Trainee: 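Please find one structure pasted underneath; my questions will follow.
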Number of protein chains: 2
Amino acid sequence: MVRKTKEEAEQTRKEIIHAARRVFHECGVSRSTLEKIAKAAGVTRGAVYWHFQDKAELFFAMREDVFAPMVERTDAYLLSERFDNPLDAIEASITEFFRVLEDSAVVREVFEIMISRCEYVGEFTSVEEEIGRPAYDFLAKIERVYRQAADKGMLRPGIDPMDAARDTWAFTSGLLHLLLSCQRGSDLSQKVSAMISVHMAMRRIPSA
Amino acid sequence: MVRKTKEEAEQTRKEIIHAARRVFHECGVSRSTLEKIAKAAGVTRGAVYWHFQDKAELFFAMREDVFAPMVERTDAYLLSERFDNPLDAIEASITEFFRVLEDSAVVREVFEIMISRCEYVGEFTSVEEEIGRPAYDFLAKIERVYRQAADKGMLRPGIDPMDAARDTWAFTSGLLHLLLSCQRGSDLSQKVSAMISVHMAMRRIPSA
DNA sequence: TTATTTACATACATTCATGAATGTTTATAA
DNA sequence: TTATAAACATTCATGAATGTATGTAAATAA
C-alpha cells in the first residue's frame, strides 16, 4: 500500500510532525532518531525522508505550526482598541498567552521542547534567534502600550513606560520558564493568573 | 609519561573539567564526544574514563564547581544583617548575582550550557530538579525577607510580601534567561543593574 | 490504456561514539 | 628493593544513526 492520494500524503505528513513532537518531548531532540519518530508515526524512515530533508527541517515544521498563531492571538489583545485602559490590554494579552499554554497540551509540549529539550547549537542556533526575536518584539509592543497608558494618565506616576515594559518583559519570560522547566510548576499554574494581576496592579493608579 | 603524582592527577582532572565546559558550550552536551573533550584537554579518552564514569558524571562535576559558590554568595547578601532596610538586601543579592554572571566567563558559560545547550531528558532530568530547587529556595528566602520589610513598615502598603516575592522571583528568572538565551543580550547587560533598581523601587515606600 | 510520477518501504554502506579490555610506565608503600 | 597499584594510553568489538540507493505499487496525466 503505497502511493496514497495527495490528501492522504498530507495526512501522513501531519502525523509525522505530531509523532516528532511526542518523541522530541520524551527523548529530547538529539536523542530522537528518525527511526523512533517514524515508528511512532506508523511509517518508515523512508516516509520521513520523503517529506523532510532531515531532522532539523522536521523540527522547524513542528515549531511553525504552534508559534505564529500564538503571537497572533496575544497581539490581538495587545493591539485591541476595546480596552480604554491600555494596562488592561497588556494584562489580557499576557493572561491569554498563559491560558493557551495551560489549555493546549500541544502548545505546552512544543514550548517545553524548545525551552528544555533542545540544544541551541549547530543547525539549531537559529532557533535561539527565532525565540529571541518575538521576545524583543513583545518588549517593543508593550513599551508602546505602556506609553499610551502614561499619556492617558493611567500609569502610576513615577514609573517610566520603558522601565515598566522591561520589568513586565522579564516577568513574563521568567514566568514562562518557571512554569515549564520545573514540573513542580503544577502548583504554580494555579497562581499564574493572580501573579499577572498583582504584577499589573503595581503599575496602576492606586484606587484610593 | 604516565603515573603522575597525586597533585598532577588532580590537575589533569581539573583540565578535563575545563575542557568539558568549553566543548559543552561550543557543541552542546549531546554532541560533545568524550574524544573531543579529551583532545581539548590534551589527554586521551582513557584519562577521561579514569576520572569520570561517563559524560553525565563529568557534566555534574563541571556544574558543581560553579553552582554552590553562587548560591552562597547571593545568600550572604540576602541574609546579611547589615542592611536596615530588608529591600536593600534583596536588591544587593540580585545585583550580586548578575554582577558575577557578567564578570566571570566561566560562570556565564556554565549557566549558558545549563540553559540552552543541554537537553533535560534521561540521566539529565535531575538537572532540571537541581535548577528548580535553588529557584524555589530563592522564592522562600525572599518571601521571608519581604515579610521582614513589611513588618518594619518598609514595604509599600497594599503589597503582600508573598506576592512581591513571586513577582521578584519571576523577574529574576526572566532576566537570567533573557540575558543568556539572546546573545543580543549584549545591550541588555548594561541595563541589568538599572532594571533591578526599578523593579525594587516599585515596592518601596514612595519618597515624597 | 499506457507511461510516468508519487509516496512511500526496504536494503545497504559508512561513519561515529561508546565501553571495555588490555598495555605501559612510574609513584609509592612495605 | 621490590611488589603493587595509580594514572593514564591504546586497541578492539559493538551498536546505533545517518544518508542514500533502490524497489514497488498505486494514482494520475496523457
Side-chain angles (χ1 to χ4, degrees), chain A residues 1-62 113 117-119 121-124, chain B residues 1-62 113 117-119 121-124:
Chain A
M1 50 331 200
V2 266
R3 178 53 178 160
K4 316 275 183 63
T5 68
K6 278 191 178 178
E7 305 85 54
E8 286 174 317
E10 181 57 25
Q11 180 60 25
T12 67
R13 193 190 122 95
K14 282 180 183 170
E15 272 167 28
I16 291 172
I17 290 183
H18 293 338
R21 174 169 34 77
R22 293 197 302 273
V23 177
F24 283 157
H25 189 265
E26 187 186 336
C27 307
V29 174
S30 66
R31 290 181 185 184
S32 296
T33 81
L34 295 186
E35 173 70 25
K36 278 184 195 168
I37 295 173
K39 200 163 282 182
V43 295
T44 67
R45 273 171 53 240
V48 177
Y49 275 107
W50 173 257
H51 285 284
F52 306 95
Q53 201 171 2
D54 52 19
K55 193 160 70 174
E57 195 179 306
L58 176 52
F59 177 89
F60 287 113
M62 173 206 71
I113 291 166
R117 288 160 164 83
C118 170
E119 298 177 4
V121 290
E123 64 272 40
F124 292 101
Chain B
M1 54 325 200
V2 265
R3 180 51 177 162
K4 316 272 184 65
T5 70
K6 278 192 178 177
E7 305 86 52
E8 285 172 319
E10 181 57 26
Q11 180 61 25
T12 67
R13 193 190 122 96
K14 282 181 183 169
E15 270 167 29
I16 290 172
I17 291 183
H18 293 338
R21 174 168 36 76
R22 294 197 302 274
V23 177
F24 283 158
H25 189 265
E26 187 185 336
C27 309
V29 174
S30 67
R31 292 181 183 183
S32 296
T33 81
L34 296 185
E35 173 69 25
K36 278 183 194 170
I37 294 174
K39 200 163 284 182
V43 294
T44 68
R45 271 172 54 238
V48 177
Y49 275 106
W50 173 257
H51 286 283
F52 307 94
Q53 200 170 4
D54 53 19
K55 191 159 72 174
E57 195 180 307
L58 178 51
F59 177 88
F60 288 114
M62 174 205 72
I113 290 166
R117 287 158 165 83
C118 171
E119 297 177 5
V121 291
E123 65 271 40
F124 292 101

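Here the structure is a predicted model, which means the values were calculated and not measured. Every chain is numbered from 1, with letters handed out A, B, ... down the list of sequences.
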Trainee: Please give me the minimum heavy-atom distance between B:Ser32 and B:Val23, naming the atom from each residue.
Mentor: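 So the two residues come closest at OG-O, 3.3 Å.
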Trainee: Could you note down all residue pairs passing side chain to side chain donor-acceptor pair (under 3.5 Å) where residues 13-27 of chain B supplies at least one of them, sequence neighbours left out?
Mentor: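 Applying side chain to side chain donor-acceptor pair (under 3.5 Å) to every pair that reaches into residues 13-27 of chain B, excluding sequence neighbours, yields B:Gln11-B:Glu15, B:His18-B:Arg21, B:Arg21-B:Glu109, B:His25-B:Glu112.
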Trainee: Check side-chain hydrogen bond (donor to acceptor under 3.5 Å, both in side chains) between A:Thr5 and all other residues, then give those that pass, not counting sequence neighbours.
Mentor: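 With sequence neighbours excluded, A:Thr5 shows a side-chain hydrogen bond (donor to acceptor under 3.5 Å, both in side chains) to A:Glu7, A:Glu8, given in chain and number order.
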Trainee: With sequence neighbours excluded, what pairs up with A:Phe124 under the ring pair (Phe, Tyr, Trp, His ring centres under 6.0 Å) test?
Mentor: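 Ring pair (Phe, Tyr, Trp, His ring centres under 6.0 Å) list for A:Phe124, sorted by chain: A:Phe59.
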Trainee: To check you understand the geometry: which heavy-atom pair defines the closest contact between A:Phe60 and A:Glu123, and what is its length?
Mentor: CZ-O, 3.8 Å
Trainee: Give, ordered by number, those residues of residues 8-23 of chain A having at least one heavy-atom distance below 4.0 Å to an atom of DNA chain C; if nothing qualifies, reply none.
Mentor: A:Ala9, A:Thr12
Trainee: Less than 3.5 Å apart, which donor and acceptor atoms pair up between the side chains of residues 34-42 of chain B and the rest of the protein, not counting sequence neighbours?
Mentor:
{"residue": "B:Lys36", "atom": "NZ", "partner": "B:Arg31", "partner atom": "O", "Å": "3.1"}

Trainee: Quick check: do B:Phe24 and B:Lys55 have side-chain heavy atoms less than 4.5 Å from each other?
Mentor: yes
Trainee: Looking at C:dC8, I'd like to know if its phosphate oxygens (OP1 or OP2) sit under 4.0 Å from a side-chain N or O belonging to A:Lys4.
Mentor: yes
Trainee: Apply side-chain hydrogen bond (donor to acceptor under 3.5 Å, both in side chains) to the pair B:Ser30 and B:Glu119, showing each step before the final yes or no.
Mentor: CA-CA 8 Å; B:Ser30 67; B:Glu119 297 177 5; 4.7 Å; no
Trainee: Starting at atom CD of A:Glu7, determine the distance to atom P of D:dA27, rounded to an integer number of angstrom.
Mentor: 11 Å
Trainee: Output the residues of residues 28-59 of chain A in contact with DNA chain C, where contact means a heavy atom of the residue under 4.0 Å from an atom of the strand; sort by number or write none.
Mentor: A:Val43, A:Thr44, A:Gly46, A:Ala47, A:Trp50, A:His51
